Novice: 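Sharing a structure, written as structure tokens. Questions coming.
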Protein chains: 2
Amino acid sequence: MPRLADPELPARRRAQILEAARYCFHARGFRQTTIEDICGEARISPGALYRYFDTKADIIAAIALDARAQAEAALERLSTAEGLIEGLTELARSAFAGLEDAGDAALMAEVWAEAARDPLLAKALAARDVEAQARLSAAISAAVRAGSVYPALTPEDAAALLLSTLDGIGLRLALRREQNASEAVRRFRSLAVHVLKPKR
Amino acid sequence: MPRLADPELPARRRAQILEAARYCFHARGFRQTTIEDICGEARISPGALYRYFDTKADIIAAIALDARAQAEAALERLSTAEGLIEGLTELARSAFAGLEDAGDAALMAEVWAEAARDPLLAKALAARDVEAQARLSAAISAAVRAGSVYPALTPEDAAALLLSTLDGIGLRLALRREQNASEAVRRFRSLAVHVLKPKR
DNA sequence: ACCTGAACACCGTTCAAGT
DNA sequence: ACCTGAACACCGTTCAAGT
């Protein structure tokens, strides 16, 4: 018998469980998904699942953090100097397009609710958020130095405002399912223009 | 024996149950609150509770709708013509001050999550939202006619943007508990100024 | 008519037993 | 070392029995 079992097994199992969980959460939500659902989807027994995660809340937190990280990863593609307005518009477009899927939209709202009751998750999300805001703030600063925008606010305030509004519009979009994403994008764009005041 | 029992009893019982539920939800959240908790707080048995509400979800929906209605009721106090910026600032101040209570903040996030999975609740909240937006839109229109603001956006777009941002900033405030409400108010105010462009 | 509280079904978690 | 699946505790909901 092997002295050490496959050292990659734990990582594989965790990934397998998380993928199953993501699928179930997306379809039914955090609360309505049972451990049995996840086990069925992952083809694993409850006992095995609890070898890799201590509680259902831990699985939720992992998925929530990942969902949020993905949403914020789009910020990295923001060009730093010119085309800031276009970059932000594109960011909004992809964010809002994602929310047209009802499951994704519901998941977003549930992530916030979960964080509001789970201080550890809230802290993790806040850390991501601070980073995202710093990134946008830096992009705005660069654009100011390049002379392509003339915001009346500090880069920090402008960044905080834009990110808050991005989330706020996303929320309304998620709840008022009938209104379309393109109108939301148009509104966000006009906010960016009025806050950042681009040249010409 | 009375041919008709106290005709106000049902209404009283419902109110009694809802008050108990509100207390529990605020302290522990929708999910962590059990029917037994509510029954204990309301000094009533589970059987009696289910005479007045079909499911726990119905109780949640009632509280969620009420919480949201309260948040939006502040809009009614918005003066219609002059002092629009000050009125909006005051609105933000009271909204954000409420969120400094962690329980209220968590409840707000949970309301959204609940609505995202409950189409009926979503519809009820959306109706409130449409009304709130119409009200703000009308206030902006009145201010435009009075010549006190010169927005570059239509009143509808400006109203939608302001309300979205109000929610978005509130969300971040709820999750990043360390940052203070007054800074959030300041940011919202500068948004209002840049979007509405008041005279002088 | 209204209520109680035991009973039921379901779900998160554990653990003895298997390989 | 890793897994299975029955068992346990807990919670939403029902219902027979009381007044």
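Below, chain A is the first sequence line, B the second, and so on; all start at residue 1. Below, each value reflects all heavy atoms present in this structure, side chains not excepted, and no hydrogens, waters or symmetry copies. Predicted, not measured: the structure shown is a model, and the values here were computed from it.
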Novice: Salt bridge check: are A:Asp167 and A:Arg68 linked by an N-O gap of less than 4.0 Å?
Specialist: yes

Novice: A:Arg12 CZ to D:dA1 P: how many Å, rounded?
Specialist: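 Taking atom P of D:dA1 as the reference, CZ of A:Arg12 is at 17 Å.
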
Novice: Walk along nucleotides 4-17 of chain D from 5' to 3' and tag each nucleotide B, S or - by protein heavy-atom contact under 4.0 Å, base first, then sugar-phosphate.
Specialist: BB-----SSBBB--

Novice: Just to verify, what does A:Arg128 make a salt bridge (charged side-chain N to carboxylate O under 4.0 Å, His left out) with, not counting sequence neighbours?
Specialist: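 Applying salt bridge (charged side-chain N to carboxylate O under 4.0 Å, His left out) to A:Arg128 gives none.
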
Novice: Describe the nucleic acid contact of A:Phe53 in one word from base, sugar-phosphate, nothing, applying a heavy-atom distance below 4.0 Å.
Specialist: nothing

Novice: Show me, pair by pair, the donor-acceptor contacts under 3.5 angstrom made by side chains of residues 84-95 of chain A, not counting sequence neighbours?
Specialist:
from	atom 1	to	atom 2	distance (Å)
A:Glu86	OE2	A:Arg189	NH2	2.4
A:Thr89	OG1	A:Ile85	O	2.8
A:Glu90	OE1	A:Arg93	NE	3.1
A:Ser94	OG	A:Leu91	O	3.3

Novice: With sequence neighbours excluded, tell me which residues meet side chain to side chain contact (heavy atoms under 4.5 Å, CB included) with A:Ala105.
Specialist: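 In terms of side chain to side chain contact (heavy atoms under 4.5 Å, CB included), with neighbours along the sequence ignored, A:Ala105 is linked to A:Leu99, A:Ala174, A:Arg177.
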
Novice: Which ring pair (Phe, Tyr, Trp, His ring centres under 6.0 Å) pairs, counting each pair once, include a residue from residues 29-70 of chain A, with sequence neighbours left out?
Specialist: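 Those involving residues 29-70 of chain A are A:Phe25-A:Phe30.
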
Novice: Looking at residues at least two apart in the chain, or sitting in another chain, which of them share a salt bridge (charged side-chain N to carboxylate O under 4.0 Å, His left out) with B:Asp37?
Specialist: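 In terms of salt bridge (charged side-chain N to carboxylate O under 4.0 Å, His left out), with neighbours along the sequence ignored, B:Asp37 is linked to B:Arg28.
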
Novice: Tell me, which of residues 16-28 of chain A have any heavy atom that sits under 4.0 Å from an atom in DNA chain C?
Specialist: none

Novice: I want to check one thing: is the phosphate of D:dA1, taken as OP1 and OP2, less than 4.0 Å away from some side-chain N or O of A:Tyr52?
Specialist: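 A:Tyr52 to D:dA1 OP1/OP2: no side-chain N or O under 4.0 Å.
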
Novice: Could you list the residues that satisfy side chain to side chain contact (heavy atoms under 4.5 Å, CB included) with B:Ser182, not counting sequence neighbours?
Specialist: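 So B:Ser182 forms a side chain to side chain contact (heavy atoms under 4.5 Å, CB included) with B:Asn180.
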
Novice: For residues 134-142 of chain A, tabulate all N or O donor-acceptor pairs below 3.5 Å that involve a side-chain atom, not counting sequence neighbours.
Specialist:
from	atom 1	to	atom 2	distance (Å)
A:Arg135	NH2	A:Glu131	OE2	2.8
A:Ser141	OG	A:Ser137	O	3.2

Novice: Can you name the salt bridge (charged side-chain N to carboxylate O under 4.0 Å, His left out) partners of A:Glu41, sequence neighbours left out?
Specialist: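 Listed in chain order: nothing, the list is empty.
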
Novice: I'd like a table of donor-acceptor pairs (distance under 3.5 Å, sequence neighbours excluded) in which one partner is a side-chain atom from residues 17-24 of chain B, with atom names and distances.
Specialist:
from	atom 1	to	atom 2	distance (Å)
B:Arg22	NH1	B:Asp66	OD2	3.0

Novice: Return the value, rounded to whole Å, for the distance between atom CG of A:Leu9 and atom P of D:dC2.
Specialist: 6 Å

Novice: Dot-bracket, DNA chain C: Watson-Crick or G-U, under 3.5 angstrom, [ ] crossing, | other strand?
Specialist: ||.|||||...|||||.||

